There are 2 protein chains.
Amino acid sequence: MTALSRVNAHWTTSDYHVSRRGIPAVSVKWDGEGSEVNATSADVARHAGVSRATVSQVLNGYADRFAPETAAKVYASAEELGYEPSAAGRTLRRGSSDFVVALLPHTTFGGHLQDLFEQMSVALADHGYTLVLRIAGAATATLDRLVAGMKPAAVWSFAPFTDDERAVLDRRGVLAIDPPSVTQVDHNRAIGQLQARTLIEHGYRRLAFAHLQDERHDPFGFAREDGVREVARQHGLDEIDVTNVALDLDSAVRALDGLSAPGVAVAAYNDDVAMALLSAARLRELEVPRDLAVIGMDRTDLSRIAVPRLTTIEYDIVAASEAGTASLLQALGAGAPQPAAAPAVLHLIEGETI
Amino acid sequence: MTALSRVNAHWTTSDYHVSRRGIPAVSVKWDGEGSEVNATSADVARHAGVSRATVSQVLNGYADRFAPETAAKVYASAEELGYEPSAAGRTLRRGSSDFVVALLPHTTFGGHLQDLFEQMSVALADHGYTLVLRIAGAATATLDRLVAGMKPAAVWSFAPFTDDERAVLDRRGVLAIDPPSVTQVDHNRAIGQLQARTLIEHGYRRLAFAHLQDERHDPFGFAREDGVREVARQHGLDEIDVTNVALDLDSAVRALDGLSAPGVAVAAYNDDVAMALLSAARLRELEVPRDLAVIGMDRTDLSRIAVPRLTTIEYDIVAASEAGTASLLQALGAGAPQPAAAPAVLHLIEGETI
DNA sequence: TTGAAAGCGCTAACAG
DNA sequence: CTGTTAGCGCTTTCAA
C-alpha cells in the first residue's frame, strides 16, 4: 500500500503527447480489415440481415422474443463489429443515461479509496452501468452542469451530500444516494467506541479524544468523539478530554501539553494524528505507553513501521463497499440480492502504544 | 493535508438513503413557480419568442450574428429557466461530447491529486468541458465501453497509457493525451539528480538509492535511480548502491543491513521509504545523519513531524497541473495561451536527516 | 416473430 | 438577421 505516496512526476506543456487515430469516413465495410470502429446499431443490423429494432431488442435483454438463430446472428454481428451502443442515442431516447456518478469526498482520499471504486466499477458494469468519478468539493455549479448534461442514472456519495449538492440533485430530479447522516454518525460512533473499549480493557481510566484539525470539513470526528465519551461514561470514568491536532509538531506538542499527561490514554482521529502525538511525546521525553497511551485509526503503513508500532483500527473498505454497491444497485432497480449480513469491517490491530 | 488519512466510515446496505424528486411531466410552464427543471432549448426558445436555432447559435458563441436585444432575450430566458444543454443531444449531433476523461493512476494516489483535478475541472469548465475521472487499470473493457459510449472530447492521463489503453483509444478514434514515456523519465531523472546533488553538497561521498518495493507497477523509480547515478558519476563518486524497501520494518531493516552503513547517504523513492529507513536505523541504533543520511521525496505531513525532520523534496502539483491543462486545452483546440515558461515544481525542503 | 415509424434535444446548412 | 429543415443513434410502440 502506498497511502502516503504522492504523485511525483512533472512535465511542461510541450511534453505532452497527443494522438488521434484517423476516423474512417464510413463506419463499416464488409468486415474488411481488422476490427471496425464505432459501429452503429444500424451497422449491426445490416451485417446481421435484420432491422435495427431487432438489434435493439435482442441486445437489451429481450432476446427471447425472437427466434434463437435471429438472436445468435445479432450477437455475432455485434461482436464482430465491436459494437458498443452510443450512450448519447440511448440517453436521448430514454431520458437518462447508464452513467453513475460517484462523488469523491475531498476530506479523505486515501490509497484505499480506489479499491472501493474499482469494486464498484466492476459490480456496476455487470449491470450495464458505468461509474464515473467527480471531486465532491468542486463548485456545485459544475455538478449542476454535469447532472443536467449527463443525466446520470444516479449520483452516489460516500459522505452525506452537502445542502448545495442536495439542492442541485433535487432540482434536476436525479436519483441521489448517500448515507444518511444519522447512520454515518452511528458507524463512526462505533469506531470511537471500539477505541475506548480497547483502551479501557488495557486498564486506562483517563481517556481523551484528539481531533484532526484540518482546513477541510471533517464529517466524522464528532461522532467518534461521542463514541469514546459514551463508553467512558458507561464505565464510570471521568469526562474525557478533547483536543485538536494539526499535522505539525508544534500543534501536536501544544495538544499534548494541554492533555495533563502523563497517564492519559488518547483515542486519535486517525493514524496521522496518533503519529503526531507520538512524536510530540518523544520531544517531551514521555515514555509510551507508560506516560502516554495512543490508539489510532486506519492502520496506515507508517503506523506499522513506527517504533513502537501504533495500536490502531483497520477498516475493511472493500467489505464495506460491497454493501454500498448493493444498496446502489437496489435503488437502481437492478435486483441485486442483499448480502446476508453486514460483514465485519472494523479490526483491532495490535501494537505497542497502549 | 491528510495524505495519510483513510476512508473511515462504514455502513450496511439498509443504511443508505435514496431520494428522487418527482420529475414534472411537462417541462416548462410560464415560469409559474420557482425554477424549472430540465428545460430544453425549445423551452428557452418559446420563452424568448425566438426559434430553437437562434437559441443554439446564441448560446454557442455566435451571438454576434444576431441583434443584441435578441441575444439578450435568449440569455435571459436560459437563465430564468435554469437551462443546461443536454449532453446527449449535443453529442448525438456533433459526434463527440464535451466530457474529458482523466485516468487516475492506480500507483500513486496521494492527497494532492485532488488538487490537480480540481484545478483541471475549473480550467476545463471555463472552456465548456466537463472533467470526469476513471480509475486507470480497471479492466480496459470498461474503458472501451466508456469511450465508445460517452464519446469524450479527449482522454487524458497523468502517467503514460498502457498498451491496452492505447489500443482501445486508437480503435475508438478518440483524442488521447499522455506524457510520452521519454519525458516522464527525464523529469523523474531530475528528481533523482536533485536528491543526489543535495546529498553531495552536504559532503556525502557514498550514495545509494532505495526503491519502493510494491506490488503495484512503479513507472518512476528507475528514472530517479538513474538521476542519482548520473550525478554520482559526474562527481567521480563510487557506483551507487541500490536497494528495495517494502513498507514494513523487517524489509527496511534488511535493506539497511545490506547498505554497508554507517556512512552511506540514501536517496529514497519517497518519504514513506525514507521513514521506513529511519525507523530501521533507530532499531539498529544508528545515528541520523551521522551514520545514515536520508533524503526523501514528496514532503508528506508525517515527514515534517518525524524527529528528526526528514529532508525531502516537494513537488508542486498544482503548478505542474497547469501546464498539463494547457496542453490539454491546446489539443482540444481551445486556444489557451501557453504559459511563458514552465514553473519550478521541485523544491528542496530542509530537515535534519542529511 | 419481425419491421416501420416516430421522436428524444441538439446543431449546421441553407433559405429567406 | 432569423427561421426551417434534416438528421445524429437509439428504443418503443404499433402494425404486419
Side-chain angles (χ1 to χ4, degrees), chain A residues 23 25-28 37-74 77-78 81 83-99 128 145 148-151 172, chain B residues 23 25-28 36-74 77-78 81 83-98 128 145 148-151 172:
Chain A
I23 304 177
V26 177
S27 51
V28 169
V37 256
N38 299 333
T40 70
S41 80
D43 295 326
V44 175
R46 204 176 314 124
H47 190 73
V50 299
S51 78
R52 288 162 61 216
T54 303
V55 169
S56 175
Q57 306 247 61
V58 169
L59 262 28
N60 284 295
Y62 298 107
D64 53 355
R65 293 179 187 166
F66 295 85
E69 61 269 23
T70 304
K73 270 191 299 186
V74 171
S77 174
L81 301 183
Y83 171 70
E84 293 290 348
S86 150
R90 157 182 269 153
T91 301
L92 210 44
R93 175 64 227 226
R94 297 236 265 223
S96 88
S97 71
D98 292 334
F99 293 116
R145 291 225 328 227
M150 182 183 276
K151 303 209 188 312
R172 296 294 172 186
Chain B
I23 304 177
V26 176
S27 51
V28 169
E36 302 295 332
V37 256
N38 300 331
T40 70
S41 79
D43 295 325
V44 175
R46 205 175 314 126
H47 190 72
V50 299
S51 77
R52 288 164 62 218
T54 302
V55 170
S56 174
Q57 305 249 60
V58 169
L59 263 28
N60 284 296
Y62 299 107
D64 51 356
R65 293 180 187 165
F66 297 84
E69 62 268 24
T70 305
K73 270 191 300 187
V74 171
S77 173
L81 301 182
Y83 171 69
E84 293 290 348
S86 151
R90 156 181 272 158
T91 301
L92 210 46
R93 176 65 226 223
R94 295 236 269 225
S96 88
S97 70
D98 292 334
R145 290 224 331 226
M150 182 184 275
K151 305 218 186 308
R172 297 293 172 187

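Predicted model only: the values in this text are computed from it and were never measured. Any value given below was found using the heavy atoms of this structure, including those in side chains, with hydrogens, waters and symmetry copies removed. Chain A is the first sequence line, chain B the second, and so forth, proteins listed ahead of strands; every chain is numbered from 1.
Checked against salt bridge (Lys or Arg N to Asp or Glu O under 4.0 Å), A/Arg145 has no partners two or more places apart in sequence or in another chain. With sequence neighbours excluded, the residues that form a side-chain hydrogen bond (donor to acceptor under 3.5 Å, both in side chains) with A/Arg65 are A/Gln57.
Look at CG on A/Leu59: it is 16 Å from C1' on D/dT12, rounded to the nearest Å. For the pair A/Asp64 CG and C/dT1 P, the interatomic distance rounds to 10 Å; values are reported in whole Å. Note: CZ (A/Arg90) to C1' (D/dG9) measures 11 Å, nearest angstrom. The interatomic distance linking A/Arg46 (CZ) with D/dG9 (P) rounds to 11 Å, in whole Å. Per the geometry, OH belonging to B/Tyr62 stands 17 Å off P belonging to D/dT2, to the nearest Å. Atom CZ in B/Arg94 sits roughly 18 Å away from atom P in C/dG9 (whole-Å rounding). In this structure, NZ of A/Lys73 is placed 14 Å from P of C/dT1, rounded to the nearest angstrom.
Put simply, A/Ser56 has a side-chain N or O that comes within less than 4.0 Å of OP1 or OP2 on D/dT11.
With D/dT12, C/dT11, D/dG9 as the candidates, the nucleotide lying closest to the side chain of A/Leu92 is D/dG9.
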Considering only nitrogen or oxygen atoms on both sides, find all protein atoms under 3.5 Å from nucleotides 3-6 of chain D and state each distance.
| residue | atom | partner | partner atom | Å |
| --- | --- | --- | --- | --- |
| D/dG3 | OP2 | B/Ser51 | N | 3.1 |
| D/dG3 | OP2 | B/Ser51 | OG | 3.4 |
| D/dG3 | OP2 | B/Thr54 | OG1 | 2.8 |

Please evaluate residues A/Leu59 and A/Tyr83 with respect to the criterion side chain to side chain contact (heavy atoms under 4.5 Å, CB included), reporting the C-alpha separation (whole Å), side-chain torsions for both, the decisive distance (0.1 Å), and the verdict. CA-CA 11 Å; A/Leu59 262 28; A/Tyr83 171 70; 3.6 Å; yes

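Counting non-hydrogen atoms under 4.0 angstrom, A/Ser41 reaches the backbone sugars and phosphates but no base. Across all strands shown, B/Tyr83 has heavy atoms under 4.0 Å from sugar-phosphate atoms exclusively, and none from any base. If you check every strand for non-hydrogen atoms under 4.0 Å, B/Arg65 touches a base.
With rounding to the nearest 0.5 Å, the separation of CE in B/Met150 from CD in A/Glu84 is 13.5 Å. If you take CG on A/Asn60 and CZ on A/Arg90, they are separated by 5.0 Å, rounding to the nearest 0.5 Å. Considering CG of B/Leu92 and CZ of A/Arg93, their distance stands at 13.0 Å, rounded to 0.5 Å. Atom CZ of A/Arg46 is separated from atom OG of A/Ser41 by 9.5 Å, given to the nearest 0.5 angstrom.
Of the two residues contacting DNA chain D, namely B/Ala67 and B/Gly89, the nearest-nucleotide position lying further toward the 5' end is that of B/Ala67.
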